[in-house]
Structure formats: C-alpha cells, structure tokens
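Numbers restart at 1 for each chain; the letters A, B, ... are given by sequence-line order, proteins then strands.
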Protein chains: 2
Amino acid sequence: MASKPAKGEQRALIQEEIKNTGERIRQLKLQEQTDEVKNKIKEETSKLVELKKELGDGGKTQKFVLKTPKGTRDYMPKQMAVRQRAFEVIVGAFERHGAVQIDTPVFELKETLTGKYGEDSKLIYDLADQGGEMLSLRYDLTVPFARYVAMNKIDKIKRYHIAKVYRRDNPAMTRGRYREFYQCDIDIAGQYDAMIPDAECVKIVAEILADLELGDFKIKVNHRRLLDGMFAVCGVPEGKFRTICSAVDKLDKATWEEVRKEMVDEKGLEGSAADRIGEYVKLSGGMNLVERLAQDGELMKNKNAKEALEDMELLLQYCELFNVTEKVLFDLSLARGLDYYTGVIYEAILTGKLPDLGKAEKGEPVGVGSVAGGGRYDNLVGMFDPKGRKVPCVGVSIGIERIFSILEAKSEASDKKMRTNKTQVLVASGQKNMLQHRLKLASELWEAGVKAEVLYKKNPKMLNQFQFCEEGGVPLCLVIGEKELEEGIVTLRDMESREEVSVKRADVCDIIKKRLQSA
Amino acid sequence: MASKPAKGEQRALIQEEIKNTGERIRQLKLQEQTDEVKNKIKEETSKLVELKKELGDGGKTQKFVLKTPKGTRDYMPKQMAVRQRAFEVIVGAFERHGAVQIDTPVFELKETLTGKYGEDSKLIYDLADQGGEMLSLRYDLTVPFARYVAMNKIDKIKRYHIAKVYRRDNPAMTRGRYREFYQCDIDIAGQYDAMIPDAECVKIVAEILADLELGDFKIKVNHRRLLDGMFAVCGVPEGKFRTICSAVDKLDKATWEEVRKEMVDEKGLEGSAADRIGEYVKLSGGMNLVERLAQDGELMKNKNAKEALEDMELLLQYCELFNVTEKVLFDLSLARGLDYYTGVIYEAILTGKLPDLGKAEKGEPVGVGSVAGGGRYDNLVGMFDPKGRKVPCVGVSIGIERIFSILEAKSEASDKKMRTNKTQVLVASGQKNMLQHRLKLASELWEAGVKAEVLYKKNPKMLNQFQFCEEGGVPLCLVIGEKELEEGIVTLRDMESREEVSVKRADVCDIIKKRLQSA
C-alpha cells in the first residue's frame, strides 16, 4: 500500500520512530537471548520493516557507517611499533638536552585560542555548546604552552610535550597529513643571552633527524625581523608585512611568479616592491650570506634587519660549535605561516631519496615537505599574562606523522618481520589435561618478570602452539609433558635453532631469565 | 557621568575590580541557579557595568580567564614524572602478558557511541556541527575497540590501549575524578575456552596493583548472568533486569535501604522481590560461596544462574593456579553500571591505609573507590559488524587518575626529592669568555649519548652553575678553565661527594659514560 513516499513532517515522524525502534532492537540484542527477548526482537524488527515501507523509498534509511572520522585513522599494532620507536628516538633527544615533560588538556577555553593563528583559525575544532564553557580542541602545543607558562607564573622552563593536535584541514593521508596528528614539541622559555637556546633547537632537530635515519636533510633558518626589515626596504607598507610574509611562506610549494601574482593582484603590493622582494628571496647560504647582507647598505640602515643579521651571525657561529653547519641553510625565502613568531624561524626538510609513499595527490610531489618547524615567539606568553609580563620563548615541533609515513613505508619494504608484542616464552603442551600445569607455570614466569603466554585452549595441538611462536616471533617455547613433570623437568625449545634442552622445573624461571639476558 | 577616562593607578584599580567582579560572576554562573544566586549575578553584573563606565572607554579591557576547562588540569613536570612511572608499571604488565598496542582517534562518529552507554550517554561530549560529520569525544576505550575489531574484521587480538577519555561528569578533582582522564585498558578478543582469558585479566590487575605499591587490595568478581538469574528467581520482571542492575551497582556508595527505596519507589519493583535481592547481595566469599549457591535449588533451576555459577567455579580455580585467590572476592553485590557486559565482571578496590588526599567532598570518604574495572562483553563487536558477526571479548580498565592522586600524595609526603629531568652533566665554567668551549663540549657529550646541559648565559657565575646542579639533582659537573684546557684537561666534579678529579679533555666522554654506567 506504500504508494507514495511520505513527505515532510510525517516523514520526519516516521524516521524518528525508525530510529527509536532500531535503538530498542539494539538494546534487546545486548540482553541474554531468551525466547522472550528473541520474540520481542522479531516483533520490533517486523515493525521496523513496516515503518521503512511507509517511508516509501525502499527502506534505504541510513545504514550504519563503520569508519573513523574523516582525516583520522586507527593505529594498528605494526604502526604502533613504528610509532613507539620514533617516539623513543625523539624523547631520547629531548631528555638528552635536559627537558622536563608536561601535559595539557586536549581542549582549551575557546578564547584561549582566539586570535593566535591568523587565517588558520577557521581550522579549529569547536566543541558543541552543551551548557557551560565554550571549548575548542587544541590546534598546536605552542599556544597551550604559553597559556601554561602565564597561568603558572613560570619564568623559565625547558619542556617537551608529545600529544595530538587537531586541524579541520583538507586531509592528504598518504602524505601524512591528518586532521588528528601528533606533535612533538620542545620549547625553551626564559630570559637568556642571545641565540644560545635558539641554536640548541637546531642541534636537537639535527640529532633527531639523524637518529631516525631518514636520509639527508637540511634545516632552513631565517629571522622574522630580517624579513620585516627586508619588506620595509623593498617598499612594503608596514600594515602589509604579515600578509606579504604569508605569501612568501608559499614559496616552498609555488613558483615565484605565482607568489608575485598573489602579492600584486590579491594583496595590492606595487610590482616594483614585489620585484625587489623577488631578488632577496632567491638568496640562501651560510656565513657567506651573512657577510653579503652586511654589505647591503640600505638594508643595514634598517634597525630590524641589522639586529636580526647580528642574531643570525651568532646563530651560525653556535651551530658551528654544535657541529651542524653542514645541515643548516640560511634561506631568505623561509617565512613560516603563523603570526606569533618574533625572531629566528626554522624549518627542516628531507633531501635524500625517500621510499615511495603511494600516488601523489593533486600533482604534489609525494613525501617532500617540512618534517620540523618552529621559531622564537617572545610575545605570546605576554598575551596571556594578566599584567602583560613577557617570557621569551623559542622552540621546535617535530612533524611526526610525515615521519611515521616514511618509517612505515621503509618497514613495509624491508624483509625483516617486525614484532608487535614482546612475548619471550610460550608455555605449551602437546598432551591433554595439562592446562593447569600450563597456567601455573605461566603464572610463575610472570611473577619472575618474564613475558609469557599460554594459548587459551584446554587442549591445544602442539603444532598450533609452535605455529603461534613462529608467526609471532616468540623465541622460546616451554613444553610440558606428564612424564617429564613427574621427573621434575620440562623441555625448553629455541624456536629458531629448534634446539631442545631439558631443564629442572624448579629452575625454569632462573634459566629463562639468564637465557634472555645473554640473548 | 563618565566624562573623562580614568588614568594611571586609579585605572589599574578599576581594572582589577572589573576582573574580580567578572570572576565572581563566572563562579556564580557555575553554581546551581537558585533565585538567590540569580539575584547575586544581577547585582554583580550591574556593578560591572558601572565599573566599566568609570573606566570611560566603553569597558573594552581585555577580559580573559586564565584557566584550563572545568574538570581538566595541566600535568606539571613532577606530576608527569609520577605518571610516567605508573605507566611503565602498567605497560610492563600488559607486555608481560603478550599484548600488542593500538590507538584510535580521540573522537568517533557520534553514531558509533549512540546506544552503548545507557543512562550515561548524556555525559558524552559532542563536537560542534561545523559542516561534515557529527562527532563525539570517546567516552571509554571499549566501544572504540569493538568498532576497531569489527571494522578491521579481526577475529582475535590481545591489545592494550592507554589514552584519554572524556565525560561531562561532575568533577571531584581531589579524589581523582576528572572530565578528561586516562584509561589503561587491556582486552582479549576471540573465541576461546571458557574463563581462561577472564582469569588472566584478574591476574593482570593483581600484578599491576601489587607493582604500584598501593597497599592491600581486593578484586571483586561477579557474573552478569548470575545477577540475571538471581533477579528472575527473586521475581524481577525481565524488562526491569537492567534498571534493577543499575540500582544494585550503587551499593558501593549507598546503603541497602537507599537502594531498596530506589528499586521500589522509583523503579516500581515489588517490595518482596527487593527483599529477596537484599538477601542475595549480602553474600560474598570465595569457593565457599560457589558451593553455597550450588545448594540453592531454586536458583539452580535457572539456566542463566547455573551456567554462570559454573563459570565462576572455573574462574576461581584458575585464579588459584594464578596465585591470586587471596586477592579475589566473589561478591554478589557487584553489578557494574554499563549495559554491554554479558558475563564475568570485575572491580578492584584498595583496602589498605591510603595517604590523605585532602578534604572530602560531599561527605564521601576520600581516596576510597574502584581503581580498576571491567568484564566480558560478547555482543558489542556484533553491534558494529555489518553482518552481526560476534567476537567475544573480555577486558579490564585501570582507573589511573585515582592511582595518580595516591602516588602523588605519597611522593609529596616522602622526603626523597623527585627529579623531573634526567640531566647527567652540567658543562660549566667560572671564567669569562668560555661559552664557545662549553658549547663545544656539550655538543660532544650529546653526540656520545650523554644527557648534558649548559646554562644559556655567556658568562654565568660558578656558584649559579653549582646551584643549578644541586636544585635539579644533576649528579656531575664538568668545569672548564682556560689554563686546564691548555694542558688538555678538565675538572669533573661529583656534586654529592664534592670530589673533583682532573680528566683528559680528549677522554671526557668515555670517562663520563663509564661513570654513569657504574653509578
């Protein structure tokens, strides 16, 4: 009889009823499936079918979507193993440099994030207004850090923070661009002598990228006040410094012609000013570039540019002492997008041959891009402090998702099988009715600190137990037999060499611990 | 009348008063909105308007609340040190039992969480509708795990997951109840022989609570189907099983009289049925309780109860083999709030003397409560699987925030100073112009894997450098002097013993590494 599809309000009512009925069925399915419950499910289900007929569109109501939200992913055990190893390298470097660790909530008051990210603010995730405070998911770890420093009236701290941040950006997941992703940040806050912590940040990034074995890399450095001075000298009006800076920031992805067009056509800069900028942003080098700019009389008349160049000279000197000169490139085209930087800025890129990360999206070269970035932001804490008290800060952030993508691809390409757990021994038996003995021995091993498992079957087959070891990379298998137990012994099998030895049941924990230590 | 803007100190005073008034209003808004509170808000608001008029610039001062969202907190470095140690213990146990690790996004599609938490669904945080999918922050790690298993068509996995979950509950922060908090979950999914993984979960909790040195504890166990059978036998209509179960769940916080009242007055249960439940939920014990219930003829006629009791008997047998009988209490009053459990349920409580956690809120005893919980949920994965394919699961969750509170209080009470970083050596000098030498030596130490720092000053005082070591617990100090450097030596000072030795500059890394190894 469902001649015409239902419309409007009537339709909404039916949909509501479908939802409620579906919910009742789900609840019933959670219960013990007695006959009474089964009958109720049948009843509700036929009601559901009728309702869907009434809706008149063949019942194609919203089928449940089994997925993670757009731009996010689960980490499977293998990916977690890769991720853990990367974190160990990064935390290792942070701790080698004396940093302490902090953590902040995943969401902040909305107003804490307001006005900190310029054009990118539109990418912030807000929480629904469910009564109470207005909240947003953190966009980075830097703003929460500045809030933390101001709120706790800290005047110096060297801290690291590894946590997820959230951006409603266009995901490009094969290239490691997600909406939920990890950042690994180290920041040094406090009033110190010029450029010493700034140079240490470069050193830390260099250590991490080398330790992760990602091939060759460069750490580009520049200075916001040098850019400002350069803009002034080129004839950019002061009100346009930030927006022209944003345009320069695109030079790693766009050609100079495209960027020039944006400056002139979109941002209303005079062509002659743009052309002068074009000459500067071509320049890169090391101490030679410092010397060249020092000869630029007009630029050196600008106080910002002059002081910034002194900073850069110091930075490069300290980088020499830190043995990273070869990794550092002073690059006038480096601008960084965020508003809050006030001094030196960094960006690290991989320059070696990278594993294939799958097909490119939108024609962008795959696997190329920045893997770390940061800079000095001396005014951000002051924006939070009720009295405007400033705490100068400098820091870098490791863009770990892109690194994960590379490490994952490398691991996939390699022959070595990666283990996802750390089990050292399987307690096994090929005979029936040995479950009790297996459980008891496993328990003793756990208490002795040995990583052990038993199969969750009363009477598993020996072959299945050996297969479990082989597939999971478990190196040892303890085989229990009735006769051997009576004699007070068990068999210890090395899964790789297939060698078996009899050991005393009473000594088994000690023997295994020794074996594992020497392995 | 605000003719001229106020100036200087007067202005600052007004601003201060505006801030205080604003804070009072915010606090009032957080309270229950009685008429009295509403009047106070009105009063304070008109005061605020007056104050802003006085300021004479339309009151456009930066109003800004410097805080973390309600029910959340920052972790300071000391708290992070405590947290890390607790995680190490927990991960240690999870890995000892062969678990792999996974991670899932902090938010899920809203519909993934719908219909899983019964009455608690109102506590779920939703994200704002900013276009695109409707999202919610995860409420626990169990539902995302079931979604993960179904989505990836996994038929068996033993996994752990340590991550933050979100509940818009009433926070009680001194007792470790937050809106953002960590859960540490281990779950075993797969079709296995009865009660073997279930017993391993008990063993894992026992190992963790013992290793964390939280004093004595008990792990209560019960069975959902035994509760259902008991309810049936007592005359509870089947449709009321879940709601009566919720009432029983409150017995750890409320008296039997209060719970009985809820059953009869609110939930419409007959008084006689409630009284019969009252007799059962008094019972607890070990294998003796199994035997006693096995004698209960009426109960044993119920299929659910009979099979559940067989499960409990097996569970207690396996617990005996796992050497945890003394820690386990079979308790008929244990019910657990969540809907999705279908078999054995667990809850661990601390029973020893606990450190003082500050004043009680609402008269609840401080520091008492569950520190772990879980159970079997055989139908949850099936709710996600498009074909309803079921994967039986059992797992436990460690309630780590309450444990942090206790460990923190213990650490505060102890004399031992806790380090927040791991720096092993400070590279120091008491002479001027030694920065270059300090940086170079620090760099060499870092490259050798030594955790080293330098003060970020060109010419720091020796005293300040020693103080830095003493305050931070840095065990070694390398002192550089010009003359010594010419002779190719540096001074290595042990900060605790104050012993100093001269070592060759060239051998310094090796010597320090050896020292630290033997320490």
Side-chain angles (χ1 to χ4, degrees), chain A residues 23 26 29-30 32 36 64-66 68-70 72 74-77 80 95-96 98-107 109 111 125-128 130 132-133 135 148 150-151 164 168 180 192-193 196-197 207 318 321-323 384 420-423 436 439-440 443 446 451 453 456-458, chain B residues 65-66 68-70 72 74-77 80 95-96 98-107 109 115 125-128 130 132-133 135 148 150-151 164 168 180 192-193 196-197 225 228 238 304 318 321-323 339-340 379 383-384 420-423 436 439-440 443 446 451 453 456-458:
Chain A
E23 180 56 31
R26 271 188 293 279
K29 283 186 177 169
L30 279 177
E32 173 64 41
E36 193 189 338
F64 185 78
V65 194
L66 199 59
T68 63
K70 185 178 177 188
T72 69
D74 294 322
Y75 278 84
M76 321 281 280
M80 285 302 281
E95 292 187 340
R96 202 156 54 236
V100 299
Q101 196 182 0
I102 71 160
D103 193 19
T104 65
V106 79
F107 43 63
L109 297 184
E111 58 182 341
Y125 277 98
D126 291 328
L127 268 70
Q130 295 171 287
E133 300 160 334
L135 306 173
Y148 172 90
M151 190 173 126
K164 287 174 176 177
R168 295 179 64 251
E180 174 189 59
Y192 297 119
D193 281 336
I196 312 177
E207 286 179 21
Y318 295 156
L321 294 167
F322 285 160
N323 198 24
F384 289 108
T420 55
N421 72 9
K422 299 183 182 168
T423 306
Q436 288 201 12
L439 295 182
K440 199 163 181 328
S443 183
W446 291 328
K451 300 181 182 76
E453 285 190 86
Y456 300 128
K457 291 200 75 150
K458 275 194 210 160
Chain B
V65 197
L66 201 56
T68 63
K70 186 178 177 187
T72 69
D74 294 322
Y75 278 84
M76 322 280 282
M80 285 303 279
E95 292 187 341
R96 203 156 53 237
V100 300
Q101 195 181 1
I102 70 159
D103 193 18
T104 65
V106 80
F107 42 63
L109 297 185
Y125 278 97
D126 292 328
L127 268 71
Q130 294 172 286
E133 300 159 335
L135 306 174
Y148 171 88
M151 190 172 126
K164 288 175 175 175
R168 296 180 62 251
E180 174 189 60
Y192 297 119
D193 281 335
I196 312 177
R225 291 177 62 203
D228 285 354
E238 200 170 322
N304 272 330
Y318 296 156
L321 295 168
F322 284 161
N323 197 24
D339 276 2
Y340 50 62
N379 300 335
M383 286 174 74
F384 288 109
T420 54
N421 71 9
K422 299 182 180 168
T423 306
Q436 288 201 10
L439 295 183
K440 199 162 180 328
S443 183
W446 292 326
K451 301 179 181 75
E453 286 190 85
Y456 300 127
K457 290 200 73 149
K458 273 195 212 160

Which region of [X], side chain (C-beta onward) or backbone (N, CA, C, O), has a non-hydrogen atom less than 4.5 Å from a non-hydrogen atom of chain B, or is it both or neither?
{"X": "A/L135", "value": "side chain"}
{"X": "A/E180", "value": "side chain"}
{"X": "A/K457", "value": "both"}
{"X": "A/A150", "value": "both"}
{"X": "A/Q101", "value": "both"}

Using a 4.5 Å cut-off on heavy atoms from C-beta on, say whether the side chain of [Y] contacts that of [X].
{"X": "B/M80", "Y": "A/D103", "result": "yes"}
{"X": "B/L127", "Y": "A/R168", "result": "no"}
{"X": "B/V65", "Y": "A/E111", "result": "yes"}

Over all heavy atoms of both residues, which pair between [X] and [Y] is shortest? Give the atoms and the distance, please.
{"X": "B/D126", "Y": "A/Q130", "value": "N-OE1, 3.1 Å"}
{"X": "B/Y148", "Y": "A/P77", "value": "OH-CD, 3.4 Å"}
{"X": "B/T72", "Y": "A/P105", "value": "OG1-CG, 3.4 Å"}
{"X": "A/K70", "Y": "B/E133", "value": "N-OE1, 2.8 Å"}
{"X": "B/K458", "Y": "A/D193", "value": "N-OD2, 2.6 Å"}

- Message: I need the residue from B/T423, B/T104, B/L321 with the largest number of non-hydrogen atom pairs under 4.5 Å to chain A.
- Response: B/L321
- Message: Please rank B/D228, B/D339, B/T68 by heavy-atom pairs under 4.5 Å with chain A and give me the top one.
- Response: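 Highest number of heavy-atom pairs under 4.5 Å: B/T68.
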- Message: I need the residue from A/Y75, A/W446, A/Y125, A/F107 with the largest number of non-hydrogen atom pairs under 4.5 Å to chain B.
- Response: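 If we count pairs closer than 4.5 Å to chain B, A/W446 comes out on top.
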- Item | Contact winner vs chain B - A/E207, A/E36, A/E453, A/K440, heavy-atom pairs under 4.5 Å | A/E453
- Which class fits the ring pair B/Y192 and A/Y456: parallel under 30°, tilted 30 to 60°, perpendicular over 60°? perpendicular
- What distance separates A/Q436 CD from B/Y318 OH, expressed to the nearest 0.5 Å? 8.0 Å
- Item | Heavy-atom proximity to chain A below 4.5 Å, by part of B/E95 |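 Answer is both: backbone and side chain atoms of B/E95 are under 4.5 Å from chain A.
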- Select one option (side chain, backbone, both, neither) describing which atoms of B/K164 are under 4.5 Å from chain A's heavy atoms. side chain
